Amino acid sequence: MTATTTTETTGPARTGAGLEVRNLWKIFGPAADRIIGTPDAELSRADLKARTGSVVGVKDVSFDVAPGEVFVVMGLSGSGKSTLVRCLTRLIEPTAGTVRIGDQDVTGCSESQLRELRRTQVSMVFQHFGLLPHKQVIDNVAYGLEVRGMGKKERRAKAGEIVDLVGLSGYEQNYPDQLSGGMQQRVGLARALAGDPQMLLFDEPFSALDPLIRRDMQNEVIRLHHEVGKTMVFITHDLAEALKLGDRIMILRDGEVVQVGTPDEVVGAPADDYVADFTSEVPRSHVLTLKWVMRDPRPDDDLDGTAMSQDTIVRKAAQAVLASDKPVRVMDGDRLVGVVDDEEILRVVVAEESPA
Amino acid sequence: MTTRAPAPSKEAQPDAPERDGLPRWVPVLAILVGWIALWALLRGQDTLALAGRERTDVMRWLGDFRDGVIASRSTNPVVAFTNGVGEVIRSVFGWLQELVSVPAFPRPVPQVGWLGVTALAAWVGLAVAGVRMALLVAATFVSFGVLGFWEEGIDLLLVTGLSVGVVVLLGLPLAVAMGTSPRARAVITPVLDAMQTMPTFVYLLPIVLFFGIGVSGAVVCTLIYALPPLIRIGGHGIRSVSPTAIEATDSTGQTRWQRLVKVQLPMARKTLVVGLNQSTMAALSMAIIASYVDGPGLGEPVLSALIRNDVGSSLVPGLLIVLTAIMLDRTTTAASQRAESAARGVGLRGRQRQVVLAVTGVVALVCVYLSRTYFSLAQFPDTGWGPRLSEALGSLTDAVVGFLSAPAEVFKNAVSYGLLNPLQNLLADSPWWLAAGAITLIALALGGVRAVVSTVLCLAGILFFGLWNDTMLTLTMVLVATLLVMAIAVVVGVWMARRPRVDLLLRPLLDAGQTIPAFCYLIPVLALFDPTRFTAIFAAVVYAAPPAIKLVADGVKAVPETTLEASRSTGTNAWQEITQVQLPIARGSLVLAANQGLLYVLAMIVIGGLVGAGALGYDVVLGFARSEEWGLGAAAGITIVLLGIMLDRIAQAAAARQGVSKRQSLLARARGGTRRAA
Ligand SMILES: Nc1ncnc2c1ncn2[C@@H]1O[C@H](COP(=O)(O)OP(=O)(O)OP(=O)(O)O)[C@@H](O)[C@H]1O
Ligand SMILES: [Mg+2]
């Protein structure tokens, strides 16, 4: 497993709890707990279904998320993303494996400890919002506080601040069905933030929204991450969204982990055809850094051109490289690791213009 | 909730009935021909008709059982318990009566007089359902007083209210159990099915034996009848709460109790009030039927007038019943529609609304005070309007009857000679073994082996309880009425399905028809036909037609437009389209309508025992009226249940063969008594 974030070095003070998942399984169906450890567990999802009638939702998944990191989980429909994220707070009870959040063993804790964890440590945002139609926006936002037993005045005051934070000031007294989809999801977001949790879980929060609103909301999440700096686990099946938000990306197929890595690793070095397929539509120049396109210096290279960091995104370097008549030196700190010339840049950009 | 028809199944092709060789009616016809031939030879033998006062051993044994129960009041804990419950109901009711309807000794008037009661009721109407409903409530209460039925009207509302109160106390937890636990649902559902299949009239007798005659028996019967709708509809509402909302709020760490009271109940609120509306209407109609066992209320004057064949004096209390039904229906419906908007303070802003309620509340309290101080505000002054209205209505009825009597006579004779008499002769004059054999064979032809088993068991039971001949008479009336219901349902249903404007016009009428308690239908029909078999049949047809029409209309409407287009493209005319395409495809709905119609008709025919229908219904009434005939009444009651089960099973089995599942027909039944949803 790759070390934690290498891409983003600037930004807010990282807060939040870390997450540690080990050998997590979820099997739906009659003989769920008798399958793990037997040869049946090695079968593919379809074969297992045919043999035992059980469906594997999550299959032997392990990963870590550092405090303050934005961790994106991707995969096609049915790949087990929702199941996985619900297992983290046991909204779905895992069949096997351990989950630790901060210093707490989620899979081992009692029902009341679990409630406490959900109240104070982890909040979740859902694809279909899950707002209460009979409560005003302000009370929807305050619901988590209400459940904790906080008094009405206090919780409304606190919820009011969060409503301002997500840009819904003035809509406190409205009911959810009087708001647009995007605004409703802001309420969902505010509800998750109101309890001041260490960690936020998002299950495809924006896929029910239209593209413009979706972009707004993505920017909103990035802004919030800067302001409050929580650990985030973000589910999506939109690769552009994953690349935009994620410090690291995990790709699932049929419940299994296929690859974990930073955005440029996933695009630059896909683990297999499934991931390659996934990433084939991405504008590579927007994701790849010079590290992925540089070549070794040749003896005839003129090495006194401009120098650039190996982490520079290709798109940003393109103009400088094309303008200069000497190759650009790619540096890792003070060390020369390669060079890029017009040809390397054009290979990436032109490949995009004429897809295979 | 609308009576929705099942979507026509895929394999339901127009030619499907011929699928397994002969059409179904061929063997049935053959059986009938054979039966008639044998009947011609054997008529009049072994008909098991009881002579006037002849009673069988079983009836005597049932009578002894009753005496035993009564004697064991102090020794048998079960009987002591039920009697105790009856005592509690009587004293609560007595207390309520002194509060609002009868003189509270030593006062010459109730604690709160008519003005106070009306004002309080109108205030409640205002709070739950708005200004217009408050006016309707006030108008209803005042008309009780003006027409001289204050005490009866209020008593009816007390019985209904008391029962609905207990229904909520018992029903809400059960609805929650149904809505949250699949296991509880599996246990409760069959019990509700049984409660809803039994003709209402039948459990009066045993209930009264255990809980006592009068208000205690009335409340318990009403309770049994009114409980299922709230549990069923409420449970459904709780179960249908969006799982996303539940999951999202679970993720905030709520407890199970918080989930119930903060999420599930509020989100199911509207449906719960719909269930409450259905339960209230059921309670009202049963509270009226309970006047057969001396239940207090407006049913009593209607009943005694019907017994005297005095249509004139039944009209005014009958109208008041209809008014009460409309008031309860409208207010509870308006309450369910307002369930959300009221909570949101739409219309009047929350603050403003509170002020209005506070001010009007004070006004109501002032009215209460005034009604305790001034006699004329406590005891409704005698206006003499009741008798006058009664007279006017009486002569109006006479005029209408005079106008209609000739065509009514023609219709009556046509049905009597064309259908009723021949069928009655065949069923009741055949030797019992011939009739039993023929019925079993018909059950086999219609419903297959499954139907035969229940048919044989039920017939054996009917034979055992010694009222074979009366059963055949009742069966005749039920079959004739069901045939008429189906004829009407098919004609009107197809008409409604093909002409949206007709549908638009008729549907509110049908809904209204289903709001009126069954009992009221007897009044105009009695005026038209006098106390005869025909009165009960006609009332049953009027009562059972609306739900059957709606089922057929919805079924025909569900025939896909593409199928119709395809058939039109081959050049069919309207008649061919109806008979070759729409009816065959909608036949699942027809079967359901017939099944429902049967049960409705049976319930009404039994109630009509009083007004000339005779047979089993009359035997039950006799059991209420005379203690020495209790055994007869009980035997008749059990026989009615057996007859109902038999007809139901045959219809169910026949329906199953048509590809209508048990679940669908139960669903339709659960909805049958009910009307609109949202
Ligand atoms: N309650 C359940 N019972 C049985 N199988 C289930 C259940 N919930 C999910 N599954 C199965 O588990 C697999 C993973 O489902 P999951 O909802 O986690 O996928 P997903 O990646 O979130 O898909 P999507 O992008 O469509 O939301 C699917 O094959 C699904 O059929
Ligand atoms: Mg999902």
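Predicted model, so just to flag it, every value in this text is computed and none were measured. Reckoned from all heavy atoms, side chains included, excluding hydrogens, waters and symmetry mates. By convention in this document, chain letters (A, B, ...) are assigned in the order of the sequence lines, proteins followed by strands, and residues within each chain are numbered from 1.
With rounding to the nearest 0.5 Å, the separation of NZ in A:K135 from CE in B:M267 is 11.5 Å.
Legend: salt bridge (Lys or Arg N to Asp or Glu O under 4.0 Å) pairs involving residues 178-194 of chain A, not counting sequence neighbours, sorted by first then second residue: A:R186-A:E220.
Only the backbone of A:V122 comes within contact range of chain B, with at least one heavy atom under 4.5 Å from a heavy atom of that chain. For chain B, the nearby part of A:E111 is the side chain; its heavy atoms alone come within less than 4.5 Å. Of the atoms belonging to B:S242, not a single heavy atom falls under 4.5 Å from chain A. For A:L91, the part lying under 4.5 angstrom from a heavy atom of chain B is the side chain only.
Annotation: residues 143-167 of chain A contacts chain B through A:Y143, A:G144, A:E146, A:V147 [non-hydrogen atoms, separation under 4.5 Å].
In the displayed structure, B:R185 atom CZ is contacted under 6.0 Å by at most 12 heavy atoms of other residues, nucleotides or ligands. Residue B:R259 qualifies as enclosed at atom CZ: its count of foreign heavy atoms under 6.0 Å is above 12. Within 6.0 Å of the OH atom in A:Y171, the count of heavy atoms belonging to other residues, nucleotides or ligands does not exceed 12.
Judged by distance alone, the side chain of A:H134 and the main-chain N or O of B:K262 form a donor-acceptor pair under 3.5 Å. In this structure, A:R118 contributes its side chain and B:D250 its backbone to a donor-acceptor pair below 3.5 Å.
Closest approach of A:F129 to B:A248, counting heavy atoms only: O-CB, 4.2 Å.
Using a 4.5 Å heavy-atom cutoff, the side chains of A:R115 and B:T255 are in contact. The shortest side-chain heavy-atom distance between A:R119 and B:Q254 does not fall under the 4.5 Å cut-off.
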